[in-house]
Amino acid sequence: MPALLGLFSVCLLVITGSLYHPRLLSDEVESEEVRSRMKEQEVQYKLEMERLQKEVEEKSNRDHNVKVNTFAKAEDPEKMDWNTWNILLMVTILFLELWRKDTWPHIPHDYNSEEEEEEEKENEFPQRIYSNILNIPDKSVLDQFYNICIENVSQEPMQTCEFVESFVDNLLEACRNLCQWDSELILEDCLGIGSQFEKWGCKTPSVYDILVPIFLQDGYCFKPEICCCDIPPDKQNYGRILMVTPNSAELGCQCKTTELEGDVLCLIHSKRFESDVHANCLASIMCSDWYLDYKKVVKWLRVALAQSWNKICHKYDFVLTFHNITGCCGLKVQYQSGRTIHIKVFPAVRLKDSDVYLVSSFSDYSKDNTLSTTYWHISCAVCEYRFLKIMAKNVPKSSCHLKCLQILIFLTEKLRSSPDQRYVLGSYLFKTILMHLLLSQPYSNWHECHLEHRLRDVLKYLGKCLDEKRLHRFMIGNQTFPKQIGIPEMLLQAEPINLFRSFVTERDSYSQALMEYQKILRDMGPLMMECIKDNTVS
């Protein structure tokens, strides 16, 4: 029996030793510490083998009588105890070694250089960058940059916004008088939206965005379909607009969702037509399969505004030209002095009695060439305009919130190598982040003395959103939104819309966004100093 115990001990030692054999070890665990432990185990292994070999030889020379051996073992309990503890020790060592191999962290097989590893970390984990944003200059440099490069260069006169709205309203008034469908299609007064009207515009040349709400009368109605079951999940930024005629009231969304019943936009009278001639003509001009087609509407509006300009051009001392821009009607006002004003006119349909509109796609984050032209963008631009006006009354008088937005947009425009290249991080994304931060921080934090810190907050927030591939639209699904602004309850209760949803499936777009973000962090400080130097010399 002792011989068997000894043999079992040898087997355990062989198994334990094999765990450290150089030919059986992979590159995953090979290190200085492991090699030193291997040498120690090898020495112990040799000593134990020599001891066991001597013990076996001594025992083989003894009397082979089973009774005598049994009696001798009974009279020598200490030796039996020693063998038992030896076996337990070997089993324990074997268990610990197997456990160690299973629990030690895995080391990749393909090793990269330190530079490659660092570059890979930056590309995959932007939080390792935005946690230490080092290139933001101090407040004195930020103030100098803002005053020299943005405030004195990019700002249009405040009266320009009033002129643009007044001029477009005059065009619309003339259009109402000329429109052959004035008995059915009505153009409301325009609404100024976007950066210029919200006082953070800093792009050159300045562009003024105008919404022109349209509605129908004389028995027609528009029926918007949003958050609808037959709209794909990745198109929740959009909705469709069904045109319902007096004789086709049964037409409508087939999705049977009850929450949409109260959100039908019916701007109608009870009058019925004797024939469907007017309905077919209007539908052929404005719709595709009875859904309002924004390309057709924009084309119709462009022609109508051009005819209207021919009637009122004698009142103005500038030249007006029309441009074909996707999703809107582009106007260019040019004075004899050389000054130009760029205007984009977007047709829109109001969602019930709210300040939310379905607009021909215009936001820089929502461009999707695969969408049907019957999909209209859900725009909260009017609500956002009113929100920023409310915030301007609550934050300190010398607030820095708009300065943060202007500085970041100005820098991103400067960092773009080609105006024709598609960029992922547009101005609307920075505006969305700013609005989220305005609600999440005390108003006192936005004093102008905190400009450097708030600028850092915006960049960190963007980095966090890129890391998570998630940035929610500010108005939709936001329970903390101020109630005094006209947002339908169904939109406040809806699921938040992720503006970065496409990054989950489109790796190229995500890589492009990371590259743009890292470029901002890396070049922001040097670019500010360069702009200050150039504008000071000139």
Side-chain angles (χ1 to χ4, degrees), residues 181 184-188 190-191 193 211-246 248-269 279 282-283 285-298 300-301 327-328 346-363 366 368 371-384 473 475-478 485-497:
W181 300 108
E184 292 97 19
L185 184 64
I186 301 298
L187 300 175
E188 294 188 77
C190 69
L191 298 170
I193 60 171
L211 287 188
V212 176
I214 61 176
F215 68 93
L216 299 172
Q217 62 175 4
D218 293 338
Y220 295 85
C221 70
F222 286 142
K223 182 178 180 180
E225 298 174 2
I226 61 174
C227 306
C228 191
C229 65
D230 57 349
I231 295 179
D234 58 336
K235 310 300 183 198
Q236 292 303 308
N237 272 315
Y238 303 89
R240 294 177 299 185
I241 306 169
L242 183 69
M243 191 183 79
V244 181
T245 66
S248 61
E250 71 278 2
L251 292 177
C253 176
Q254 303 299 317
C255 67
K256 311 299 182 185
T257 52
T258 57
E259 62 254 24
L260 292 175
E261 294 178 0
D263 293 286
V264 177
L265 175 64
C266 292
L267 304 171
I268 61 173
H269 302 292
L282 186 59
I285 292 175
M286 298 294 179
C287 300
S288 296
D289 296 329
W290 292 96
Y291 280 102
L292 205 60
D293 188 316
Y294 75 77
K295 276 193 174 181
K296 292 183 178 181
V297 175
V298 168
W300 174 88
L301 181 61
C328 71
F346 299 89
V349 174
R350 186 192 298 269
L351 183 62
K352 204 178 178 183
D353 299 325
S354 69
D355 291 324
V356 179
Y357 290 82
L358 291 173
V359 181
S360 54
S361 183
F362 66 93
S363 295
S366 60
D368 189 344
L371 273 180
S372 167
T373 53
T374 59
Y375 280 87
W376 293 59
H377 177 253
I378 302 174
S379 172
C380 301
V382 176
C383 301
E384 293 168 356
R473 284 192 66 173
M475 300 287 177
I476 299 178
N478 191 346
I485 298 178
I487 293 287
E489 188 64 25
M490 67 170 294
L491 291 183
L492 293 178
Q493 300 295 334
E495 288 292 325
I497 295 178

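For the numbers below, each heavy atom of this structure counts, side chains included, while hydrogens, waters and symmetry mates do not. Just so it is clear, the structure is predicted and the values come from calculations on it, not from any experiment.
- Applying the side-chain contact (heavy atoms from CB on, under 4.5 Å) test to Val298 and every residue at least two apart in sequence or in another chain returns Arg302, Pro347, Ser360.
- Nearest heavy-atom pair across Asp355 and Val382 is O-CB, 3.7 Å.
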field: Intermediate values then yes/no, side chain to side chain contact (heavy atoms under 4.5 Å, CB included), Leu492 and Met475
entry: CA-CA 7 Å; Leu492 293 178; Met475 300 287 177; over 6 Å; no
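- Note that OG of Ser372 and OH of Tyr294 are 8.5 Å apart. Values are rounded to the nearest 0.5 Å.
- Taking each heavy atom of Ser288 and Lys296 in turn, the nearest pair found is OG-NZ, 3.6 Å.
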- prompt: Does the side chain to side chain contact (heavy atoms under 4.5 Å, CB included) test come out yes or no for Ile226 and Val356, once each step is laid out?
  reply: CA-CA 12 Å; Ile226 61 174; Val356 179; over 6 Å; no
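- Minimum interatomic distance between Ile214 and Phe222 (heavy atoms only, all atoms of both residues): O-CE1, 4.0 Å.
- Shown here are the side chain to side chain donor-acceptor pair (under 3.5 Å) partners of Ser354, two or more places apart in sequence or in another chain: there are none.
- Side-chain polar atoms of Asp293 and Thr374 form no donor-acceptor pair below 3.5 angstrom.
- In this structure a side-chain-to-backbone donor-acceptor pair under 3.5 Å is missing from Lys223 to Leu242.
- Residue Gly327 comes nearest to Phe346 through the heavy atom pair O-CD2, 3.5 Å, listed as atom of the first residue, atom of the second, then distance.
- At least one side-chain heavy atom of Val359 sits under 4.5 Å from a side-chain heavy atom of Leu211.
- Taken from CD in Glu384 to CD1 in Ile487, the straight-line distance is 8.5 Å, to the nearest 0.5 Å.
- Annotation: side chain of Arg350 is not in contact with side chain of Phe215 (no heavy-atom distance under 4.5 Å).
- Contact between Leu351 and Pro488 at its shortest, heavy atoms only, is CD2-CG, 4.1 Å.
- Between Ile241 and Tyr291, the closest side-chain pair of non-hydrogen atoms is not below 4.5 Å.
- At least one donor-acceptor pair closer than 3.5 Å links the side chain of Trp376 to the backbone N or O of Leu292.
- Closest approach of Arg240 to Leu358, counting heavy atoms only: O-CD1, 4.2 Å.
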task: Please test Arg473 against Asn237 for side chain to side chain contact (heavy atoms under 4.5 Å, CB included), starting from the C-alpha separation and ending with a verdict.
output: CA-CA 9 Å; Arg473 284 192 66 173; Asn237 272 315; 3.0 Å; yes
